[in-house]
J.: 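Just dropping this structure here.
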Amino acid sequence: MSAFLTSIGYQHWVLPALLVIPLAGALVIWVHGAVTRPRCAPGGDEVATGVAAAPRGWALATFAIEFVVSLGLWWSFDPGNTGWQSVVDWSWIPMWGIRFTLGIDGIAVMMVLLTTLIMLLAVGGSWTSIRARTHSYYALLLVLTAGMLGVFLALDLFLFYVMWEVMLVPMYFIIGIWGGERRIYASLKFFLYTMVGSMLMLAAIVYLGLAARDPATGLPNFNYDWILQHALVGSTTAKWLFGAFFLAFAVKVPMFPFHTWLPDAHVEAPTAGSVVLASIMLKLGTFGFIRLAVPLFPAAAMSPTIRSIILLLAVIGIVYGALVSLVQPDFKKLVAYSSVSHLGFVMLGIFALTVQSVQGALMVMINHGISTGALFFLIGMIYERRHTRLIDDYGGIARVVPMFAAMLTIVTFSSIGVPGTNGFVGEFLVLIGSFRTEPVFALVATTVVIISAAYLLWAIQRILFNSLDKPENEHVPDLNKRELAVLIPLVACIVWLGVYPAPVLRRMEGAATKFVSQVDARRDAMVTADAQSAPEVQP
Amino acid sequence: MQTLGMPHGTLSLFYIFHFYLFGLIGVISALLFVTRKSPVAAALWLVSTMFCLAAMYILLDAQFIGAVQVLVYAGAIMVVFLFVIMLLNLGQGEGIDVRGVGWKIVAGAIGLGILAQVFALTRAKTPVNLTLPQGYAAEQVAQHGAVAPIAAPLFNEYLLAFEVTSILLLAAIVGAVLLGKQKEARDVA
Amino acid sequence: MLPEALFFSAVLFVIGVFGVLIRRNAIIVFMCVELMLNAVNLTFIAFAQVYGVAGQVFVFFVMTVAAAEAAVGLAIIIALFRHRQTVNLQNINLLKG
Amino acid sequence: MLPLLQAAAAGTHPLQGTAASWLWAVPLLPFLGFLINGAFSIVSAYHAGPADPTLAHGDGHGDRHGTHDEEHGAHGDDHHQVKRHPFAMLTSIVGPGVLLLSFILTAAIFFAMHGAGEIATPFIQRYFSWMPVGDLKLDAAFQLDQLSMMMMLVITGVGTLIHFFSVGYMQDDPGYPRYFAYLNLFVFFMLLLVLGANFPVMFIGWEGVGTCSYLLIGFWFSDKANADAGKKAFIVNRIGDFGFLIAMFLLFANLGTLDFDAVRAASTSLQFGGALVTAICLFLFLGCAGKSAQIPLYVWLPDAMAGPTPVSALIHAATMVTAGVYLIARTGFLFSIAPVAQIVVVMIGALTAIFAASIGLKQWDIKKVLAYSTVSQLGYMFVGVGSGAYVAGVFHLVTHAFFKALLFLGSGSVIFAMHEAYHHTGSHEDAQDMRNMGGLRAYMPWTWALMWIATLAISGVPPFAGFFSKDEILGGVFARAQHSTIADAHLFGISGSAWLYFAYLLGIVAAFMTATYMTRMMIYTFHGPNRTGDKEREHLHDAPWIMTGPLLVLGILTLAGGWINIPEFARFLGPVGALERWLDPVVGASTQRVIAGAAETSPGLEYGLVGLAVLIAIGGIAYAATRLDPKSLVPKREAVPEEGFEKVLLDKYYVDEIYDAAVVTPVVGTSRGLLWRGVDAGLIDGLAVNGSALFARFVGWIGSQLQSGQLGTYAWVLVIGVLCVLGAVTIR
């Protein structure tokens with residue numbers, strides 16, 4: 001396989017191709033829509049009239065190509081090499097020293113594969129549930145993909161920021177146009193929350209780019225590696241800059257107490273929107289911590305006070321999210337709050353800073369993408385049938401929809417973290433790793449294994465089990481083949497990653513170990529440098 | 001109308017006298033302009049100020065601009081103003097047109113304040129290395145006439161701006177006609 | 001003659017400001033603005049004598065713009081008058097937020 | 001054959017190349033059964049929905065109702081269906097078949113092991129690397145030693161019998177393949193639990209069996225009580241799992257490994273009685289208390305009786321609930337250096353034994369009696385393994401698996417018969433309430449005889465299996481109270497010796513109660529006049545042979561099970577202490593460490609203790625037989641409610657209610673009122689988020705008020721602004 005990939009020069013074109021393919025697909029769909037759309041009938045049922053066939057078909061094809069192309073990374077990626085791979089480095093805006101640099105490490109590979117898989121399935125999840133303005137919808141979905149992949153791939157901080165914003169806008173429209181009743185409030189909240197953080201991040205990126213300016217030409221330089229080595233800032237400045245990054249990423253994660261946009265956004269977004277939001281966009285926050293915030297400012301991030309505060313917030317988020325999930329009447333909101341809890345594990349893992357906890361955090365990121373994505377798909381499917389998300393409107397439907405019940409049960413077990421499913425691997429690694437450095441926090445976080453079982457089992461009991469006492473639930477049709485095709489890959493991943501996660505762990509190991517050792521080493525180096533009062537570089 | 005090669009301190013008394021004369025008349029006319037209740041009277045006093053300014057331009061070696069000032073401002077623009085005043089029959093002025101004494105005092109105080117600050121600011125030194133030799137402008141006029149010195153940059157360096165200005169004027173004409181006609185158009189509709 | 005010209009320019013400008021502040025008739029306020037423009041023109045001309053003819057070119061442009069402005073402004077005033085039967089600024093508050 | 005990760009390492013082991021190299025197939029066979037039965041279940045139930053579900057809303061799918069919407073009765077086992085599942089025949093072959101194969105393989109491995117002579121080290125097979133992260137190297141590896149061998153025999157052996165019983169018991173249920181899928185999956189996880197070579201692999205099994213238990217308790221999920229019971233079991237078990245996890249974290253953080261073998265080797269570096277090892281053991285015991293239903297986490301087990309009765313027999317009596325005992329025996333090398341933890345285990349076990357036994361005295365539901373009896377017997381086992389008498393505890397585990405499975409299956413037969421009877425007459429009486437039974441001996445002689453054997457065994461009457469094992473536990477505790485490392489330790493200032501004597505006393509009293517409530521159950525069920533009803537009586541009869549056959553086998557095992565570990569004083573029965581010698585490589589060292597080289601109790605004292613135990617058992621039976629009068633009992637619907645302490649016992653000391661009021665309600669209330677409505681909606685969203693939006697709007701409102709529309713005003717503001725700016729520049 002890898003010989004074949006080498007023979008077609010895969011390494012050299014794959015990353016730009018991953019960005020170009022969805023954009024090209026979006027362009028095709030948009031042009032097609034502009035040319036063929038009937039102008040006079042907006043808001044009609046485009047699935048019934050057949051208008052939706054072209055855009056969703058195009059989108060499916062594009063995402064399928066994208067997925068197949070990205071799949072090569074699984075083999076072409078060399079786990080033994082801890083540097084950047086498949087790098088492309090093109091000049092972009094030379095007068096500001098901005099370059100178009102893409103590259104991957106083990107973490108990015110997994111995130112890219114997760115993204116392409118989830119997006120492919122998201123088309124299946126939107127197949128009949130999106131019935132209006134389908135051309136715009138699928139085009140936006142494709143642009144969103146390009147933005148998210150761009151964030152994972154970018155090795156230039158400015159490019160990172162641009163991609164960060166690129167993905168924000170389509171999501172805003174997806175929630176705002178195809179969302180539920182309170183979609184405007186939700187989309188605005190989502191947008192403003194994220195913007196507040198990202199504006200500060202832009203300022204910090206510009207500062208860093210200037211601080212790392214090339215001594216020969218005087219041009220700013222936004223290259224990640226370059227900044228990592230050359231943007232030496234004083235400890236106070238570093239704390240402010242870290243704060244800016246922290247806010248941007250903490251909102252995205254979302255960490256307690258910046259999480260309240262999430263339940264609203266999840267509840268109001270259409271199914272695919274919720275899936276993308278939960279599976280991928282939340283990961284961008286934690287990915288930002290691993291890629292930027294912590295490695296760039298190890299001394300600030302790992303200073304005892306800041307670290308304790310972040311760990312505390314993470315653990316509060318873990319417990320708080322779980323407890324609040326317990327009492328949600330709306331299943332989508334329940335899952336949204338459970339995301340707060342799960343992402344708290346990721347933060348705990350990153351900041352506990354052991355190889356196990358970081359690897360665990362990465363696994364939780366992947367697992368949460370799969371399990372919560374599947375949960376949102378399932379909610380969307382049952383919502384399509386019954387038009388309600390309230391848990392109390394269901395009851396006993398396992399007998400009517402056995403396949404749905406089986407799927408929901410498996411996914412729930414994964415989300416609870418039953419061993420043998422992927423959920424366990426991530427949680428276990430995070431906790432066992434954190435326990436070495438932060439036993440108290442890990443101890444508190446571990447209590448969530450109890451609460452998570454309580455809220456999810458209670459919820460699925462009220463949906464699937466108990467007596468079938470509502471007449472409107474008696475004629476709900478079971479999952480169809482398309483829906484099964486969406487869910488089965490996810491369930492397969494759930495079992496695979498639970499039983500045999502070693503291939504994934506091995507691919508991420510280099511990056512995770514590098515992260516830990518680098519941060520550890522540079523934390524100490526910076527502390528010593530600070531003690532010698534290193535001259536501060538003024539931008 | 002500076003004598004060639006004459007240093008600043010040696011300007012003719014005639015010249016200085018006229019400069020101050022027109023300046024004073026301009027200021028007095030302006031004061032009268034802002035205090036007249038009748039719009040027509042005010043407009044006429046403004047015309048007077050414009051003329052004085054034109055004269056000062058000429059004294060400052062900008063003969064062409066002085067001429068244009070008379071033609072465009074004192075002539076065209078002010079005539080339009082007067083025309084509008086008369087068209088709208090505003091000649092008598094309205095009772096509440098001018099604000100009360102209190103307002104005037106405060107406004108005067110503000111005006112004096114700004115004046116004082118402007119004077120304070122103009123103490124700054126002008127950059128000497130950019131300064132042209134004394135009487136250079138007059139020399140230019142003497143050598144190339146009143147129009148050529150200004151025409152050269154206008155049609156070379158500032159050609160684009162010049163052309164844009166022409167479009168601006170066209171737009172203004174169209175805009176003015178449209179605005180003026182609007183009422184009738186709406187009535188018809 | 002630079003200081004003298006600047007002095008007169010400043011005085012005229014301030015008189016224009018004074019007029020804008022105390023008058024309520026739209027046309028007169030408009031004329032006050034014209035006066036301020038002229039005051040600035042004087043400055044340009046005065047500096048043109050010292051720094052080169054570009055100042056005069058500026059004045060030329062200012063005049064053109066002023067002419068255009070006068071045409072449109074007066075047209076607006078006429079339209080306004082037709083609509084409201086007054087040019088008193090106190091009675092006109094279309095810009096109220 | 002699966003590729004082995006470290007074939008070379010295992011190459012020197014005496015079991016290499018024998019039947020033991022097929023070890024992986026033992027759990028995999030039931031898993032295969034799970035896949036096949038699961039496929040049967042899902043394929044037959046699944047009808048693809050419409051391609052566009054949005055439009056399908058409200059469509060009638062009435063044709064599906066005939067097969068899937070049958071009502072289940074309000075309680076327990078219900079057999080109203082006569083229409084069998086289309087795959088019932090295949091399931092009946094696959095379900096028990098894989099178990100039988102698994103058992104045969106296990107037996108082969110046992111003989112291979114038996115023939116290999118003395119095996120000092122466990123036989124470890126590593127299949128693939130599971131979680132290789134940094135210095136944490138977790139392999140998917142199985143470990144075969146004498147302890148896991150014995151557990152495998154119990155699991156596959158008793159499991160096979162119960163599978164066969166289930167064929168008769170569940171055949172008419174519409175969820176028949178689903179039932180067998182769950183049951184096979186359970187056996188798979190249970191085998192994983194006992195075979196795992198490291199803590200996390202064991203934990204997979206540990207939670208896996210909990211998951212299957214959840215699914216099987218809630219098998220008839222249409223009834224809220226059943227679904228509730230399943231959920232409760234899972235959540236309470238999770239509290240225990242929390243302890244297990246923390247124990248693993250502590251081990252890894254301090255010893256750097258989680259393999260049993262490596263931990264055993266590294267445990268020598270731990271300080272004897274130190275805080276660390278005590279904490280590890282206590283957290284492990286929390287896990288055990290959850291899984292094995294000990295105080296304070298026993299509450300789920302009685303509710304778990306909501307599942308089908310064979311499930312109660314397999315999971316909630318014979319195998320899963322003994323996992324805690326197994327874990328302590330497995331980690332005896334840790335417990336034996338933490339005497340304080342051992343005292344805690346013993347005391348919790350003893351208290352559970354007597355507490356549950358007292359509740360069992362007043363239950364009317366036949367399965368509830370057995371459930372509390374199980375909790376109580378598990379308490380005994382913990383007294384055993386807790387006091388370092390690992391062999392005794394495990395011995396009781398085995399015998400208990402036999403006689404308790406027999407009791408449950410016997411009660412299953414009774415319920416089955418009662419149900420059929422009520423079904424024939426269309427009556428809706430409670431088929432599990434003993435007040436509706438009575439005199440069944442005449443109608444179900446086989447069941448009656450076999451259940452009496454089990455009753456005598458559990459009561460501790462010689463020569464039945466329970467007598468030997470229970471006696472060994474009590475004797476072991478008494479001996480260790482006299483002299484052992486535990487006796488020298490202190491908890492709350494009281495010496496371990498005193499604690500152990502107290503535990504012995506509790507054990508004796510609980511033994512008396514056990515004999516009493518078991519006899520009560522037998523008398524009310526099988527003796528006296530019949531209270532089922534005149535019409536129903538005609539339909540009462542023994543269960544078919546597919547169900548009674550397993551009972552018979554279990555009866556034999558109950559009768560003879562004690563022979564596997566014959567005590568010194570009964571040497572005339574055969575070779576002494578076979579089990580003890582068998583398990584010696586696993587637990588011998590730990591046992592020796594606890595008893596600290598002390599001599600056995602003197603023969604005179606031992607005879608005295610045995611005599612006392614027998615006396616207590618017979619006394620209990622006699623007490624119940626003489627004091628209870630089945631003739632005065634009336635059927636459930638005519639019964640008067642109990643009062644006073646009897647009611648407290650019947651209502652299980654109100655522990656569920658107390659937990660509800662002390663834990664569940666406050667947590668849910670706080671979450672809803674304080675966290676969600678208060679912090680989330682009120683503080684963060686209301687004050688911070690929407691508050692800042694309101695503030696921005698307020699500022700905007702002020703700004704808009706400045707927009708008077710008066711040009712004059714604007715001019716003034718502008719000029720004053722200019723004045724200020726110029727002023728600022730000037731002053732500078």
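Values reported hereafter were calculated over all heavy atoms of this structure, with side chains retained and with hydrogens, waters and symmetry mates removed. Bear in mind the structure is a predicted one, so any value in this text is a computation, not a measurement. We name chains A, B, ... by the order of the sequence lines, and we start the count at 1 in each one.
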J.: Under a 4.5 Å heavy-atom cutoff, which of C:V57, C:V11, C:V72 has the most pairs with chain B?
T.: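 Heavy-atom pair counts peak at C:V57.
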J.: Identify the two heavy atoms, one from C:F18 and one from B:G108, that lie closest to each other, and give their separation to 0.1 Å.
T.: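 Heavy-atom minimum between the residues: CE1-N, 3.3 Å.
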J.: Select, from B:L24, B:L31, B:V106, the one with the greatest count of heavy-atom pairs under 4.5 Å involving chain C.
T.: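 Of the options given, most contacts go to B:L31.
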J.: Nearest 0.5 Å, please: how far is CZ in C:F58 from CD1 in B:I65?
T.: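 These two atoms lie 12.5 Å from each other.
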J.: Please determine whether the number of non-hydrogen atoms from other residues, nucleotides or ligands lying under 6.0 Å from atom CZ of B:F155 exceeds 12.
T.: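 For B:F155, atom CZ is crowded (more than 12 foreign heavy atoms under 6.0 Å).
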J.: Would you mind checking which part of B:A43 comes under 4.5 Å of any heavy atom in chain C, side chain (CB onward), backbone (N, CA, C, O), both or neither?
T.: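 Interface part for B:A43: both.
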J.: Could you grab the distance from atom CD of C:E4 to atom CG of B:L59, nearest 0.5 Å is fine?
T.: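 So the CD of C:E4 and the CG of B:L59 are separated by 11.5 Å.
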J.: Where do B:P153 and C:V53 come nearest, in terms of heavy atoms and distance?
T.: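 Here B:P153 and C:V53 meet closest at CG-CG1, 3.5 Å.
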J.: Under 3.5 Å, is there a donor-acceptor pair linking the side chains of B:Q69 and C:N41?
T.: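 No donor-acceptor contact under 3.5 Å links the two side chains.
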J.: Start with the C-alpha distance between B:V27 and C:I15, add both sets of side-chain angles, then the distance that settles side-chain contact (heavy atoms from CB on, under 4.5 Å), and finish with yes or no.
T.: CA-CA 8 Å; B:V27 170; C:I15 290 170; 3.9 Å; yes
J.: Measuring heavy-atom distances to chain C, does B:L46 have an atom under 4.5 Å in its side chain, in its backbone, in both, or in neither?
T.: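 Side chain of B:L46 only, per the 4.5 Å heavy-atom cut-off to chain C.
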J.: Kindly determine whether B:V118 and C:V14 satisfy side-chain contact (heavy atoms from CB on, under 4.5 Å), including the steps that lead there.
T.: CA-CA 10 Å; B:V118 169; C:V14 168; 5.9 Å; no
J.: For B:L179 and C:A79, work out which heavy atoms get closest and say how close.
T.: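 The pair with the smallest heavy-atom distance is O-CB, 4.0 Å.
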J.: Please round to the nearest 0.5 Å and tell me the distance separating atom CD of C:Q49 and atom CD of B:Q140.
T.: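 Rounded to the nearest 0.5 Å, the CD-CD separation comes out at 12.5 Å.
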J.: Quick one: what part of B:F83 sits under 4.5 Å from any heavy atom of chain C, side chain, backbone, both or neither?
T.: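 No part of B:F83 comes within 4.5 Å of chain C.
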J.: Is there a side-chain contact between C:Q85 and B:L88 in this structure, where contact means two heavy atoms from C-beta onward sitting under 4.5 Å apart?
T.: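 Side chain of C:Q85 against side chain of B:L88, heavy atoms only: no contact under 4.5 Å found.
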J.: Going from CZ on B:F33 to CG on C:L35, what distance comes out if it is rounded to the nearest 0.5 angstrom?
T.: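 Answer rounded to 0.5 Å: 6.0 Å.
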J.: Chain B heavy atoms under 4.5 Å from C:A71: which part of the residue, side chain, backbone, both or neither?
T.: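 For C:A71, heavy atoms of backbone and side chain both lie under 4.5 Å from chain B.
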J.: Would you mind telling me which of C:L6, C:L42, C:V59 has the largest number of heavy-atom pairs within less than 4.5 Å of chain B?
T.: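 It is C:L42.
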J.: What part of B:L53 is in contact with chain C, defined as an atom under 4.5 angstrom from a non-hydrogen atom: side chain, backbone, both or neither?
T.: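 Side chain only.
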J.: Does B:P39 reach the side chain of C:I28, with side-chain heavy atoms less than 4.5 Å apart?
T.: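 Yes, their side chains come closer than 4.5 Å.
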J.: So B:F81 and C:I27, do their side chains get closer than 4.5 Å, heavy atoms only?
T.: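 They are in side-chain contact.
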J.: Where do B:I77 and C:A67 come nearest, in terms of heavy atoms and distance?
T.: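 For B:I77 and C:A67, the tightest heavy-atom pair comes out as CD1-CA, 3.8 Å.
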J.: Would you mind telling me which of B:V72, B:L112, B:L168 has the largest number of heavy-atom pairs within less than 4.5 Å of chain C?
T.: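 The answer is B:L168.
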J.: Can the ring centroids of B:Y158 and C:F60 be said to lie less than 6.0 angstrom from one another?
T.: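 No, the ring centres sit 6.0 Å or more apart.
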J.: Given that the side chain runs from C-beta out, which part of C:V20 has a heavy atom under 4.5 Å from chain B: side chain, backbone, both or neither?
T.: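 Neither part, no heavy atoms under 4.5 Å.
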J.: Would you mind checking which part of B:A62 comes under 4.5 Å of any heavy atom in chain C, side chain (CB onward), backbone (N, CA, C, O), both or neither?
T.: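 Both backbone and side chain.
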J.: So for C:F13, is it side chain, backbone, both, or neither that comes closer than 4.5 Å to the heavy atoms of chain B?
T.: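 No part of it gets close to chain B.
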J.: Closest approach of B:K37 and C:R23, non-hydrogen atoms and distance?
T.: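 The pair with the smallest heavy-atom distance is O-NH2, 3.5 Å.
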J.: Distance check, rounded to the nearest 0.5 Å: B:T165 atom OG1 versus C:M63 atom CE?
T.: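 Taking OG1 in B:T165 and CE in C:M63, the distance rounds to 13.5 Å.
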J.: Kindly give the heavy-atom pair with the smallest separation between C:L12 and B:G26, and that separation in Å.
T.: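 Of all heavy-atom pairs spanning C:L12 and B:G26, the closest is CD2-O, 3.9 Å.
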J.: Between C:F8 and B:F22, does the ring centre distance come in under 6.0 Å?
T.: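 When the ring centroids of C:F8 and B:F22 are compared, they turn out to be at least 6.0 Å apart.
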J.: Going by atom types only, do B:Y57 and C:Q56 share a side-chain donor-acceptor pair under 3.5 Å?
T.: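 Side chains of B:Y57 and C:Q56: no pair found under 3.5 Å.
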J.: Could you walk me through whether B:M78 and C:E34 satisfy the side-chain contact (heavy atoms from CB on, under 4.5 Å) test, starting with their C-alpha distance in whole Å, then the side-chain angles of each, then the deciding distance to 0.1 Å, before giving a yes or no?
T.: CA-CA 10 Å; B:M78 289 318 295; C:E34 295 290 339; 5.7 Å; no
J.: Look at C:L37, C:I76, C:V17 and state which one has the largest set of heavy-atom pairs under 4.5 Å with chain B.
T.: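 Looking at each option in turn, the highest pair count goes to C:I76.
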J.: Considering only heavy atoms and a distance below 4.5 Å, find which of B:S166, B:A171, B:A161 pairs most often with chain C.
T.: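 Most pairs with chain C among the choices: B:A161.
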J.: What is the distance from atom CD1 of C:I22 to atom CD1 of B:I105, rounded to the nearest 0.5 Å?
T.: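 These two atoms lie 11.5 Å from each other.
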J.: With a 4.5 angstrom heavy-atom cut-off, could you sort out which part of B:L87 is near chain C: side chain, backbone, both or neither?
T.: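 Answer is side chain: those atoms of B:L87 sit under 4.5 Å from chain C.
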